[in-house]
Participant: 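Before anything else, here's the structure in question.
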Amino acid sequence: MATATAEAAAATAPPPPPVAPPAQSPSALQAILYSRDSGLQLLDQRLLPFEQKYLPVPTIQDAWQQIRDMVVRGAPAIGVAGALALAVHVFAKGQLGGQYDSAQHAADDVRDTMAYLVTSRPTAVNLADSAARLTRVAAEAAAKPGATARSVAEAADAEATLGEDVAANRAIGAHGARVLLDAVGARKGGERGGAGGKPVRVLTHCNTGSLATAGFGTALGVVRSLHEQGRLERCYCTETRPYNQGARLTAFELAHDGLPATLICDSAAAAAMALGKIDAVVVGADRVAANGDTANKVGTFSLACAARAHNVPFFVAAPTTTLDPDCPDGASIEIEQRPSEEITHFKGERVAALGVEIWNPCFDATPGGLVDGVVTELGVVPRRLCVAEDGVGAAGGGASTSATGFVHDVPGFLSKHGVQPRGGGGRAKEEPPRENGEAEEAEGLSADALRAYVAAKPALAAAVGGGDPASWRVREVGDGNLNFVYLITPAEEEAGGKGGGAANAATAAATPASSLGLAVKHSVPYVRVVGEGWPLSQERARIEADALQLHGSLAPAGMVPRVLLYDPQAAVLALELIPRPAVVLRRAIESGAVLPPLASSIALYLARTLFGASPFAMDTPSFRALAARFANPDLCALSERVLFTEPLCLSHPNNRHTPGSAAFDAEVEALRADPKARAAALALKRRFTTEGQAVLHGDLHTGSFMVSLSGGGGGGGKGCGDQPSSSSSSLRVVAIDPEFAFVGPIAFDVAKVIGELLVSYFAADGREQQEQEQGKQQPRPDRASQRRWLLRCALDVWEGFCREFDALWAARAARVPSSDEQHGGAAVATAGTDLAPPALVGPDASVAGAAGAEALAVAQREWRATLEADVLSFCGAIIVRRLVGIAHTSDMDGIEDPGRRAACEARALRYGRSLLVGGDGGSGVAVAGEQQQQRPTVRAALRAAAAARLADGLADDGSGAGVAEGVKSVPEEPIFMPEL
Ligand code: MRU
C-alpha cells in the first residue's frame, strides 16, 4: 500500500491526533486488551479456565483466524475484536492512515477489510454491524470536501467500540434484572422476585459474560446485576455442548466473582425446571431477527421449549448491535457449522464411534414466540401484531413468520429510539433503567396494520361498510389495564361522543353516529399498563370470545356485544359497536347519573347468565364440559391476589391508600391486624377457587357496563329535577369485557355489581362537597338523589336477581321431562343430573306430587340464605380492595382533596370490613363467630350504609328510608344522564 508523502501530509495540515485510550492492564476476565502502543491482544479462551494467555493480533489475517478458531468468541466480543483489528490496521506504520494515498483509498480499505473479517464467523451480527458502521462512516468521511486518508481513518473510530459495549452491558443488566424480577414475581405471586420476594434462581446458557463482551456481559450481566442487588439466589449454568463455554467460561466467571453457581449438563435443564429449581432463563444472542426470532448457542431453542412447558419466563439479553432488523426471521439466519472434531474428539482424542455422520451446528434459532422479552440497553423490545400480506395465517413466533401473528417489533423499537438501520448511522443514546414498578411503554397496533387486518377479512370489512380501507378512521380508545382497544369506523362517521367516557371497554364511550364499524380488542401477552414484566396469557382473548358468546345467548337481547371474529393466532377479538351515545357506567355515575331502569336490566342479566351457565340449567356432564373451557388460571390468579390476598397484607408493595390522614391510616392498620378480616378473606378465596357454580363474567364492576339512553331522558345540561320520568326513556345496558370469565361462585358476580355501587355511594359525599366548593358544574348533579338511587339500585339488583333466578329455577323444575328422562332412553346417563330435576322438585303431581313443590321452596330458601351471606362477604372484600389494594376506582380517586377523600374512604372501609367479617355493614347485626342473633341481609346492609353516613354527622338524604324494611313503594328518582 503506497504511503503519503511528507509533502502531501504537510499540505493537508492534519488535525492533532485523537487521544489514545489508556493502556489496559489484564484481569482474569478481560477478553480483549488494546492500546495504540501495544496493539490488540486476545485472551485465548480455548485455554481457560486453567491457563491465561494473551495472543497478539498483529494483522487482519491473524484477527480472522483467531476469531474463526474461537480464541475470542461471543457475539459482542467478536464485534469489538474485529473493530479493534481494524484500528490496528489503520495505525499500521505508526501513522494514522499513513499507508493510504488518498481518502477514497482509505475508505475502500476499511470496507474491504471489514468485509473480509465478517466471513470468519457468519451467525453473530455484531461483527457485521461493526463492519457496516465503520464502512459507512469511512465512506461519508471520504466524501467530505478536503478529506484525507487520515481524516477517514480517524472517522472510522474503531477504538470507541470498546467503551460503548461495557456501558451498554451495564444498562442491559439493569433493565434485564428489573423485567426478570417482575416476570418471576408475577408468576410466583410475589413469593419470589417482584419488588420484595425471595431472590431468584436463574439459568443461563453458553457464555455471555465479560469474556464474551468487552466487560460485564449481557445475559451474565443480568445475573451480575441481580447479584449486585442482592436478588440472586443461584445461577445455574449449562455446560454448553459441544464447546463447553458454560463449563469452562461461565463457571469460571461466576466462581471468579463469587456468585452462587451450579453447573449442569445442557440436558439436565428441563429436569431442573420440572423440580422447581429455576425461576427464569436468560440467554444471550448472536442475532435477533426483525420478529424476535433469536439465533444463539445451540441448545437455546430446547431451553426455550422447556421453559415454556414449565411456565418459566425466558429472556434474551443483547445489545442493540445484536438486533438485525434487516433479517426477517430465524429461518433467514445463516447458522454456522463447526468442524466435526468438536463432537467426535475430546482433548484431541477421538471419543465418537467411527462411521457415524456428524451434524454440528454451532447455533440454533429460537422462535420469538417463545421469548418473553428481548432486553437491550434501551429497554425491552415491544411486541405487536404483524399482519401478513393476505391478513391471515398462523401465529407468528415460529422461526419463519410470514403469516399474521404476534412478533417482537425489532425495527419499530430501533426506529423509535433513533437507531439507524445497519450502516445507516450511529446508535441511540441509552435510556436510564426505569424504577421498579414503573410502566414499560406499551405499544399498540399501527392504524395501517389494523386496516390491513380488517380489510383482509370480508366479514369485518363489511361491518365497517367496505370502501377504501385507507379512509377508515382508526382510534385507540381503551385506557384499560390489560388490553388495547381500537374503534374502526367509516370515514364519514364522526365520533358520537367526546371520548371522555372511553374506559377499559371493548366498545368505548366515543362510539360513532351509526352502528357501522367495529371494536377490535387486542390482548398482548402481558399486562398492558405494566409491560413485559407482567406476562399474561393471551388465552384471555379466547376466554372473552367464549364468554361473550355464551352469555350473549343467555342474557336479554342486546345486553352482550356480538363477536364478529376471534382470531386465536393474533389474540384479536372483533366486536360489534354499541350504538351511540354509549358511556361507561362508572363515568356516568361519577358525573352524577341517576338511572332507575339500570337495576332491572342488570338483575336480569345476572340471573339469566348465571342460571343459564350453571348446572341449574343443564345436565352436569354438559356443565363440566363447559367448565373445562373456562379454566382461566392467569386471570383467576390475578383476582385471587388483588382481591383476597394483597389488600390484607401488612406491607404489600402493590397496596396503596390515600396518605396524610392519621385516622384513615389507623383504620387501614386495624383492618390488616384483624385476624377475623384475614380469615374472612381466606374463606372468600376458598369459595372463589373451589365453588364452581356457574360460568361467571368474573369482573362485573361499573366499568364493565356501557349505558345509553334513548327517548327523552338524557339530562345533558339540565338539572335532574327537570328530567322526564323513566317511562319516556329507555336505557340500554351492555355488559362488556368478560376476559376474567371463570367457573366460580354465583355470589361473586352479584357482589361485584353491588359492591361497586356501594363504593360509588360512599364517594358521592366527597364528590358533592367538591362540586359545591368548585361551584363549576352547572347544573350541579343532585348527589342526594344519586345516593338514594344507588342504594335502591343495589337492593333492586339483588331482589330482581333473586326473583328471576327463582323463576328460572321453578320453570325448569316444571318442565315436562323428555321421554328419555322418564323412561331411560338415550339421555338416561345425564337425566336428572341437573339442579332442577322435575322428578325431585317438579310440581307435576304425577311425578312428585306436592312434595316436589315444597322441596323446591325449601331448596330455594336455603340457596338464598347462603347466597345472601356470600354476596355480603364478597361485597366487603370488593369494597376493601378498592380502598387499600392495587386498583382503585375513579369514583373515589376523583375526589381531589386527600383529607376529604380519606374521610369517604375511611367510612367505606369500616363498612366494607364489617361486611367482610360477616356483619351487615354496621347496623348492629352481630358478626359471624360472635353471638349471632339474626342473619345479615342485603337490605339491612344497605340501610347500614346510610346509617354510616349519619353516624359521621352527614345530613340525612333519605337513602336509608329508600331501602328500609317495610317501605314497599319508594318513588323512583327521575332519570338523570349527564352529558359526557
Ligand atoms: O460460539 P460462541 O461461544 O461465540 O457462542 C456464543 C453465544 O452463543 C453467546 O450466547 C452469544 O454470542 C452472546 S455473547 C454476549
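All ligand and atom numbering here is 1-based and tracks the order in the structure.
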Participant: Got the closest protein heavy atom to atom 15 (C) of ligand 1, with its distance?
Facilitator: Thr218 OG1, 3.1 Å
Participant: Answer yes or no on whether Lys297 is positioned over the face of Phe363, meaning its NZ or CZ is under 6.0 Å from the six-membered ring centre and within 45° of the axis.
Facilitator: yes
Participant: Among Thr240, Leu211, Thr208, Asn244, whose side chain to side chain contact (heavy atoms under 4.5 Å, CB included) with Leu249 holds?
Facilitator: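 By the side chain to side chain contact (heavy atoms under 4.5 Å, CB included) criterion, Leu249 pairs with just one of Thr240, Leu211, Thr208, Asn244: Leu211.
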Participant: Out of Ala317, Ala285, Ala212, whose heavy atom sits nearest atom 13 (C) of ligand 1?
Facilitator: Ala285
Participant: Flag Arg73 as yes when one of its N or O atoms lies below 3.5 Å from any N or O atom of ligand 1, and as no otherwise.
Facilitator: yes
Participant: Do the side chain of Asp324 and the main chain of Asp326 share a donor and acceptor less than 3.5 angstrom apart?
Facilitator: yes
Participant: Is there a polar contact, in the sense of an N or O pair closer than 3.5 Å, between His205 and ligand 1?
Facilitator: no
Participant: Without hydrogens or angle criteria, can the side chains of Thr262 and Arg234 be said to hold a donor-acceptor pair below 3.5 Å?
Facilitator: yes
Participant: Could you tell me which non-hydrogen atom of Val298 sits nearest to which non-hydrogen atom of Arg241, and how far apart they are?
Facilitator: CG1-O, 3.7 Å
Participant: Would you confirm whether Thr204, through its side chain, and Val282, through its main-chain N or O, come within 3.5 Å as a donor-acceptor pair?
Facilitator: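 Present.
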Participant: Does ligand 1 have a heavy atom under 4.0 Å from the side chain of Thr213, from its backbone, from both, or from neither?
Facilitator: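 Near ligand 1, Thr213 shows its side chain, while the N, CA, C and O stay back.
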Participant: Got the closest protein heavy atom to atom 11 (C) of ligand 1, with its distance?
Facilitator: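 That would be Asp286 OD1, 3.2 Å.
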Participant: Below 4.5 Å, heavy atoms only, C-beta onward: do Phe301 and Leu370 meet side chain to side chain?
Facilitator: yes
Participant: What part of Cys362, side chain from CB on, backbone N/CA/C/O, both or neither, has a heavy atom under 4.0 Å from ligand 1?
Facilitator: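 It is the side chain that gets close, since no backbone atom is under 4.0 Å.
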Participant: Would you mind running through ligand 1 and noting each atom that sits below 4.0 Å from a heavy atom of Arg121?
Facilitator: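 It comes down to these atoms of ligand 1: 1 (O), 2 (P), 4 (O).
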Participant: Do side-chain atoms of His205 reach the backbone of Asn296 as a donor and acceptor pair under 3.5 angstrom?
Facilitator: no
Participant: Report yes or no: does a heavy atom of Glu336 sit under 4.0 Å from some atom of ligand 1?
Facilitator: no
Participant: Going by the order shown, which atoms of ligand 1 are within less than 4.0 Å of some heavy atom of Pro76?
Facilitator: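 Matching atoms, with element in brackets: 14 (S), 15 (C).
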Participant: Looking at atom 9 (C) of ligand 1, what's its closest protein heavy atom, distance included?
Facilitator: Asn296 OD1, 3.3 Å
Participant: Which bit of Cys206 is near ligand 1, meaning a heavy atom under 4.0 Å away: side chain, backbone, both or neither?
Facilitator: side chain
Participant: Using the side-chain contact (heavy atoms from CB on, under 4.5 Å) rule, take Phe216 and Arg224 through it: C-alpha gap first, then chi angles, then the decisive distance, then the call.
Facilitator: CA-CA 8 Å; Phe216 200 67; Arg224 285 195 161 104; 3.8 Å; yes
Participant: With a 4.0 Å heavy-atom cut-off (strictly under), which part of Phe363 contacts ligand 1: side chain, backbone, both or neither?
Facilitator: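 For Phe363, only side-chain atoms sit under 4.0 Å from ligand 1.
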Participant: State the atoms of ligand 1, each with its element, that fall below the 4.0 Å cut-off from a heavy-atom position in Gln245.
Facilitator: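 Going through ligand 1 atom by atom, the ones under 4.0 Å from Gln245 are 1 (O), 2 (P), 3 (O).
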Participant: Would Thr123 and Ile333 satisfy side-chain contact (heavy atoms from CB on, under 4.5 Å), going step by step from the backbone distance to the final call?
Facilitator: CA-CA 7 Å; Thr123 300; Ile333 300 175; 4.0 Å; yes
Participant: To the nearest 0.1 Å, how far is atom 5 (O) of ligand 1 from its closest protein heavy atom, and which atom is that?
Facilitator: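 Result for atom 5 (O) of ligand 1: Lys297 CE, 3.3 Å.
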